[in-house]
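Scroll down for the structure; my scribbles are underneath it.
Letters A, B, ... mirror the listed sequences (proteins, then strands); counts begin at 1. We use all heavy atoms of the structure for the numbers below, so side chains are in, but hydrogens, waters and symmetry mates are not.
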Amino acid sequence: MSTQAIAPDTLAPDIGTPDIGTPDIGTPDIVSTTATADAGRRPAPDAPALTQLDLLEAEGIAVIREIVGESRRPVLLFSGGKDSVVMLHLARKAFWPAPIPFPVLHVDTGHNFPEVLTFRDAEVERLGLRLHVASVQDWIDDGRLAERADGTRNPLQTLPLLDAIESGGFDAVFGGGRRDEEKARAKERIVSLRDEFGQWDPRNQRPELWDLVNARHRPGEHMRVFPLSNWTELDVWRYIERERIALPELYYAHQRQVFRRDAMWFAVGPYSQPRASEVVETRTVRYRTVGDMSCTGAVESDAATAADVVLEVAATTITERGATRGDDRLSEAAMEDRKKEGYF
Amino acid sequence: MGTPTITAGLTHGTLLRLATAGSVDDGKSTLVGRLLHDTKNVLSDQLAAVERVSRDRGLSATDLALLTDGLRAEREQGITIDVAYRYFATARRSYILADCPGHVQYTRNTVTGSSTADVVVLLTDARKGVLEQTRRHLAVAALLRVPHVIVAVNKIDLVDFSQAVFGQVSRDIRAVATGLGVEHVHAIPTSALTGDNIVEPSLNTPWYEGPSLLELLETLPVDAAGDEPGFRFPVQLVVRPQQAALDPALVDYRGYAGRLVAGRVVVGDEVIAEPSGRRSRVVGIDLGGRELSEARAPQSVTLRLADDIDIARGDTIVSPGLAAEPVKEVSAVLCWLSDESLASRGRYLVKHGSATVQAIVTSVDSRLDLDSLSDVPASGLGLNDIGRVHLRLAKPLPVSDYATSRPGGAFLLVDPASGGTLAAGMVTS
């Protein structure tokens with residue numbers, strides 16, 4: 001490597017606090033292998049075929065490792081949502097038995113579900129990570145951002161995110177975005193260049209050839225990296241089921257006080273109050289996505305386990321963002337417009 | 001809107017990656033929309049959105065191309081600018097579909113979509129026949145050695161489902177394909193707009209006895225990764241946790257993290273670390289705390305070796321059977337993807353596996369002329385040109401001929417100043 005890549009042997013000394021003695025849910029204990037005893041013997045050639053999940057996992061781990069090899073200061077966006085939890089799980093596998101060699105960053109809208117923040121903090125503690133929080137509330141409080149008329153804070157995350165990336169000196173930012181989520185995301189590269197203003201230029205993306213990663217960029221620019229690009233919502237849930245990955249409870253069926261708005265169920269809470277005409281009722285619901293409370297809706301569901309959710313998602317006739325995100329309904333190109341400005 | 005069946009969503013069948021290609025307005029995005037729609041892989045809110053936009057534009061029928069043309073500029077201009085990735089499944093297979101642009105200006109995006117494809121579906125307008133982009137995309141598929149090419153002779157409804165037109169266009173394409181060295185080409189008369197021969201065989205083409213597009217996709221054999229005689233494992237990182245180890249018993253752990261890009265490795269195998277040529281033996285294969293007795297492409301694992309030899313990021317661990325002697329002089333075909341032209345004696349970076357090395361283009365030998373399908377003399381390469389060059393590397397790399405090994409022969413040519421990817425490179429022997 002001619003520039004930038006960290007010396008591989010400095011990987012371990014660079015990384016944070018050891019997390020001693022906490023068994024990982026998804027990581028079975030070491031099992032002894034039979035092949036070591038008889039080194040020359042080759043196992044039967046008809047070993048079980050790699051599944052689609054195996055292939056997706058292998059691709060995700062390879063991308064995470066390559067970015068750590070090529071960049072100076074990577075960071076992972078971690079909200080406590082299912083996709084970012086899967087990202088952490090892959091990162092854990094990628095570097096085992098060394099700890100995850102980068103910090104995590106959360107852009108907190110100030111309107112998050114409290115149980116998700118509790119989960120976020122518990123994960124950070126369990127994995128011995130360093131957490132940076134970029135607070136939208138701080139930006140509103142000191143006047144750098146103004147509350148929107150519709151009350152949603154998702155579009156307000158962009159500036160605090162770009163500021164956190166710049167002030168942290170991060171040159172690679174991992175996100176859990178998937179191409180099946182949304183039509184602008186379907187156009188994004190796995191490793192995607194942002195200019196010094198944080199902008200995405202969808203008309204001039206870098207070619208992405210074979211599985212070769214090129215994360216080089218000019219000073220001031222950075223890369224957004226999406227190792228789950230090729231996963232679908234169903235793949236994510238099947239992986240959560242297979243690896244027994246813990247998630248915030250609100251991803252599973254629970255009773256909640258909700259009201260109906262724009263054909264979605266919204267929780268009654270400090271950031272989402274029913275209007276006079278909206279009736280509050282108690283329903284059995286779960287969340288398919290977890291974001292800002294003011295614009296994230298729940299779906300009616302009895303799915304109490306990951307296996308139940310897999311069946312539910314396989315049979316669904318509506319996309320996860322269509323079912324649960326008010327902010328994507330702002331216009332046909334709402335996501336593309338936010339992404340061009342630097343949104344994740 | 002039919003309900004997607006649970007069996008379709010939960011398929012454990014094989015994964016097929018396909019990419020579309022063809023000239024602008026040949027109907028690629030419409031074909032993709034039709035394929036998604038007719039296999040019941042469009043969810044109701046997505047369909048409602050494109051129906052609404054189609055009505056707003058005064059169209060009499062739903063424009064299925066809007067399912068993949070997701071960018072504002074694409075919708076405004078009615079063209080595809082960049083690859084859209086879509087995911088769909090049938091009872092037999094899961095598909096990753098890369099819908100690529102047709103404009104010559106966006107050929108780099110077609111190369112992006114095709115480089116990982118098992119199948120390229122090349123569309124031609126039955127009324128226009130073989131165009132320059134048809135030749136260019138066929139050349140790209142040939143160079144990248146995409147295993148299968150399916151030619152959809154599209155808009156067959158606009159030539160009254162004529163057998164003679166289909167016969168002429170498919171003969172012309174086969175002639176070009178043969179000239180480029182593509183062996184297996186399937187041709188299908190289709191209308192993406194009306195759905196003829198996309199999912200169901202059409203009653204409008206009784207003279208065509210072959211499969212529909214989907215029937216063909218469902219049954220194409222997929223090559224397993226790793227047709228090389230041995231295995232190839234580019235080392236991405238050295239994992240040596242020392243005092244930070246997650247388990248105190250593993251403070252002395254030393255492993256090499258990477259991805260098997262070809263072949264398989266078994267505990268006990270003899271290995272060679274390139275380019276140093278030092279030998280050792282695999283004593284352990286780890287995947288996130290689980291110990292495996294073997295691994296195969298394309299798995300990401302961590303290898304432990306019997307000897308404490310010097311191996312760093314960018315090195316490649318290979319089996320002794322792999323004919324990949326590290327070299328510093330390389331001949332290659334480049335598919336030039338940048339507005340900035342290639343100049344002989346130019347200094348670049350080559351990224352191969354996990355290695356990045358400095359390189360000088362010592363000579364530009366020729367350029368592929370798409371009309372004659374022959375190599376013509378050239379002194380440089382410009383955007384969308386395909387040409388033969390010689391490179392000298394600052395450090396030796398264990399490359400293979402791309403024709404025998406995609407991962408052994410594929411590389412990127414990178415601009416050292418901007419970091420941009422300038423060309424897709426394929427090592428020739």
Selection from A:Arg218, A:Glu221, A:Glu66 maximising heavy-atom pairs under 4.5 Å formed with chain B: A:Glu66
Atom pair CG/CZ of A:Leu88 and A:Arg126 - distance to nearest 0.5 Å: 8.5 Å
Pick from A:Ile61, A:Leu209, A:Leu90: which one has the most heavy-atom pairs with chain B under 4.5 Å? A:Leu209
Non-hydrogen atoms of chain A under 4.5 Å away: do they reach the side chain of B:Leu144, the backbone, both or neither? side chain
Relative to chain B, which segment of A:Glu57 carries a heavy atom at a distance below 4.5 Å: side chain, backbone, both, or neither? side chain
Are A:Glu243 and A:Lys93 within salt-bridge range, i.e. N to O under 4.0 Å? yes
Contacting region of A:Asp54 [heavy-atom separation from chain B under 4.5 Å]: neither
Can you tell me which portion of B:Val301 sits under 4.5 Å from chain A's heavy atoms? Options are side chain, backbone, both or neither. backbone
Are the aromatic ring centres of B:Tyr87 and A:Trp231 under 6.0 angstrom apart? no
Would you tabulate the side-chain donor-acceptor contacts of residues 412-419 of chain B under 3.5 Å, counting partners in other chains and residues two or more places apart, or write 'none'?
residue	atom	partner	partner atom	Å
B:Asp415	OD1	B:Ala417	N	2.9
B:Asp415	OD2	B:Ser418	OG	3.3
B:Ser418	OG	B:Gly420	N	3.0

So, using side chain to side chain donor-acceptor pair (under 3.5 Å) as the criterion, who are the partners of B:Asp286 when residues are at least two apart? B:Tyr253, B:Arg304
Worked verdict on B:Arg264 versus B:Glu294 for salt bridge (charged side-chain N to carboxylate O under 4.0 Å, His left out): CA-CA 7 Å; B:Arg264 59 195 268 275; B:Glu294 71 161 280; 3.2 Å; yes
Pick from A:Pro97, A:Ala186, A:Ala94 with the largest number of heavy-atom pairs that fall under 4.5 Å of chain B: A:Pro97
Roughly how far, to the nearest 0.5 Å, is the NZ atom of A:Lys187 from the CZ atom of A:Arg179? 11.0 Å
Go through the atoms of A:Arg189 and report whether side chain, backbone, both or neither lie under 4.5 Å from a heavy atom of chain B. side chain
Applying a strict 4.5 Å limit to non-hydrogen atoms, the region of B:Ala249 in contact with chain A is neither
